[in-house]
Undergrad: 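Just passing along the structure, written as structure tokens.
In what follows, every chain begins at residue 1, and chains take the letters A, B, ... in the order their sequences are listed.
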Number of protein chains: 2
Amino acid sequence: MTGTRPEFFDENSEPISARIAMGLHKIGLAMKQQAWQQANEAGLSATQGQILAALVANGPLSGKELSERLGVTLPTISDSVRVLVEKALVTRSADPRHPRASLLAPTPKGASLGARARSWPEFMADAVADLAPDEQRAFFAGIVKMIRMLQEQGLIPINGMCVTCKHFRPRVRPGPSPHHCAFVDAPLSSDQLRLDCPEHELAAETARRELWEQFMRRG
Amino acid sequence: MTGTRPEFFDENSEPISARIAMGLHKIGLAMKQQAWQQANEAGLSATQGQILAALVANGPLSGKELSERLGVTLPTISDSVRVLVEKALVTRSADPRHPRASLLAPTPKGASLGARARSWPEFMADAVADLAPDEQRAFFAGIVKMIRMLQEQGLIPINGMCVTCKHFRPRVRPGPSPHHCAFVDAPLSSDQLRLDCPEHELAAETARRELWEQFMRRG
DNA sequence: TTGACAACTTAGGACTCCTAACTTAGATCA
DNA sequence: TGATCTAAGTTAGGAGTCCTAAGTTGTCAA
């Protein structure tokens with residue numbers, strides 16, 4: 001079984017894109033387990049934690065909005081919200097926008113748990129900390145592009161990414177901060193692109209594609 | 001709410017490592033949903049698919065080994081395996097290594113499903129395909145390093161990574177393929193590093209750290 | 001031969017997630 | 001003024017995921 005086989009790796013290894021996919025799969029595994037464990041330690045289920053985190057990050061939301069953001073169906077949300085209300089971590093109030101909808105907001109206790117839940121993925125940040133700054137930037141750039149592709153394919157539900165937002169103006173000036181956010185009227189660099197801006201407003205389909213192409217244009 | 005606020009992004013954005021974590025979180029979400037959906041289409045559960053994929057990729061395994069590889073407890077595996085045996089996708093046979101253990105091997109039908117299950121994460125590969133080759137390499141390098149860190153922290157169960165394998169010889173020569181695999185006696189480049197080599201044998205703790213430091217050494 | 005060990009298996013419970021079938025407040029329109 | 005439509009939730013039911021705790025059972029060591 002052993003011997004000089006320089007062709008071994010080319011024959012047996014998959015293309016780098018498949019290797020990336022596998023790596024992300026493994027990272028996803030760690031993420032799932034951590035979320036589960038950290039939720040349990042906080043006396044919540046994973047979904048309950050995610051709901052609280054979303055409410056803290058984005059302000060009051062309806063059940064429908066939550067289901068879109070978390071990528072699960074309404075009944076699943078409905079179930080978890082019932083428990084959160086029973087635990088006095090969330091309150092309901094009427095939503096002026098829709099007749100049957102109710103706006104969900106965290107109570108003070110819920111908000112504090114939600115804030116903690118938001119930091120659950122940060123154990124990842126520790127694992128990233130050892131990368132050199134330029135490696136981190138390259139890594140982040142890859143992630144932004146991947147997420148955009150996944151969203152294009154309809155595999156990621158909602159995302160508050162700058163590159164799909166109607167307020168985003170890519171490459172409007174030279175220098176290190178070429179982009180601009182029209183909402184806050186501020187320049188921003190590629191490093192500063194947000195993935196979950198609460199002010200995100202989805203641009204129309206054609207405008208979105210346009211934004212993306214401008215953003216990707218090199219030079 | 002609108003106005004010239006150049007400080008907006010620095011004030012409201014998190015550090016890049018946290019942004020990376022959030023991005024990976026979103027990607028993980030897509031991964032979970034895809035796995036679920038693709039498993040359903042194949043008439044399997046997600047876990048069953050992963051078990052079949054592992055058996056195809058690594059050859060016959062015991063329940064214990066499966067539970068380590070998939071990062072779930074033995075009862076969970078036991079449950080899924082029972083269903084797979086009922087479906088005639090997996091067979092048991094005695095394991096010569098352990099008295100009470102049984103080796104699980106896929107039937108032909110199970111093997112074909114397992115081969116398909118192995119390609120489930122590949123939808124990610126499509127999303128990566130738009131990245132330039134150098135971006136892909138940088139991305140992959142980041143992933144390898146992250147996985148290594150996560151494993152260091154005990155957050156990823158088993159991994160057949162070259163950088164933790166006793167057969168791995170990092171940086172033994174100059175040029176584009178500086179590393180060497182002593183098992184197949186072949187040079188390999190950083191791009192060719194494997195994440196799930198079936199021949200992986202875990203090096204002892206101290207040796208592992210040594211390997212890693214050699215691998216990380218720049219220049 | 002008695003006990004420890006290791007690898008399961010069983011039992012039981014909480015949570016996730018889905019589809020399908022209601023329920024209901026308001027809007028639309030005849 | 002109703003009849004119908006729409007959209008947001010809720011309820012019911014079922015498969016699957018996970019866990020902990022408590023057996024089972026071959027083998028090996030004392």
Undergrad: Test your reading of the model: is there a side-chain donor-acceptor pair from K32(A) to the backbone of I27(A), 3.5 Å cut-off?
TA: no

Undergrad: Between Q48(A) and S45(A), is there a donor-acceptor pair closer than 3.5 Å when you use the side chain of the first and the backbone of the second?
TA: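 Answer holds: yes.
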
Undergrad: What salt bridge (charged side-chain N to carboxylate O under 4.0 Å, His left out) pairs are there with at least one residue in residues 35-57 of chain B, not counting sequence neighbours?
TA: none

Undergrad: Is M161(A) close to F168(A) at the side-chain level, that is, under 4.5 Å between some pair of heavy atoms?
TA: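 Of all side-chain heavy-atom pairs linking M161(A) with F168(A), none is under 4.5 Å.
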
Undergrad: In whole Å, what is the span from the CG atom of L74(B) to the P atom of dT24(D)?
TA: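 Taking CG of L74(B) and P of dT24(D), I get 17 Å after rounding.
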
Undergrad: Scan residues 42-56 of chain A against DNA chain C and write down, sorted by residue number, each residue with any heavy atom closer than 4.0 Å; if none is found, say none.
TA: S45(A), A46(A), T47(A)

Undergrad: Please report, rounded to the nearest Å, how far the P atom of dT24(C) is from the NZ atom of K64(A).
TA: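 The answer, rounded to whole Å, is 21 Å.
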
Undergrad: Looking only at the side chain of K32(B) (C-beta and beyond, no hydrogens), which of the listed nucleotides dC17(C), dT10(D), dC18(D) gets closest?
TA: dC17(C)

Undergrad: Any salt bridge between R82(A) and E86(A), counting N to O under 4.0 Å?
TA: yes

Undergrad: Return no unless some side-chain N or O of T76(A) is found under 4.0 Å from OP1 or OP2 of dT16(C).
TA: no

Undergrad: dT16(C) P sits how many Å from W36(B) CH2, rounded?
TA: 15 Å

Undergrad: Rounded to whole angstroms, how far apart are CZ on R92(A) and C1' on dT10(D)?
TA: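 For the pair R92(A) CZ and dT10(D) C1', the rounded distance is 10 Å.
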
Undergrad: Please determine, for the side chain of S62(A), which listed nucleotide (dA7(C), dT10(C), dG9(D)) has the closest atom?
TA: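 Looking only at heavy atoms from C-beta outward on S62(A), the closest nucleotide is dG9(D).
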
Undergrad: Measure CD/E86(B) against C1'/dT9(C) and give the value in whole Å, please.
TA: 14 Å

Undergrad: Whole-Å distance between dG9(D) P and D79(A) CG?
TA: 15 Å

Undergrad: Rounded to whole Å, please give me the gap between CD in Q37(B) and C1' in dT19(C).
TA: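 Atom CD in Q37(B) sits about 14 Å away from atom C1' in dT19(C).
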
Undergrad: Could you tell me whether K64(A) and E68(A) make a salt bridge, using a distance below 4.0 angstrom between a side-chain N and a carboxylate O?
TA: yes

Undergrad: One pair to check against ring pair (Phe, Tyr, Trp, His ring centres under 6.0 Å): H179(A) and F215(A). What are the steps and the verdict?
TA: CA-CA 8 Å; H179(A) 318 302; F215(A) 172 68; 5.4 Å; yes

Undergrad: For V83(B) and for I77(A), find the nucleotide of DNA chain D with the closest heavy atom, then tell me which residue's nucleotide is more 5'.
TA: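 First, find each residue's nearest nucleotide; the 5'-ward one identifies I77(A).
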
Undergrad: Without decimals, in angstroms, what is the distance between R82(A) CZ and dA12(D) C1'?
TA: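 Computing the R82(A):CZ to dA12(D):C1' distance gives 12 Å.
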
Undergrad: Tell me whether the OP1 or OP2 atom of dG9(D) has a side-chain N or O from S78(A) closer than 4.0 Å.
TA: no

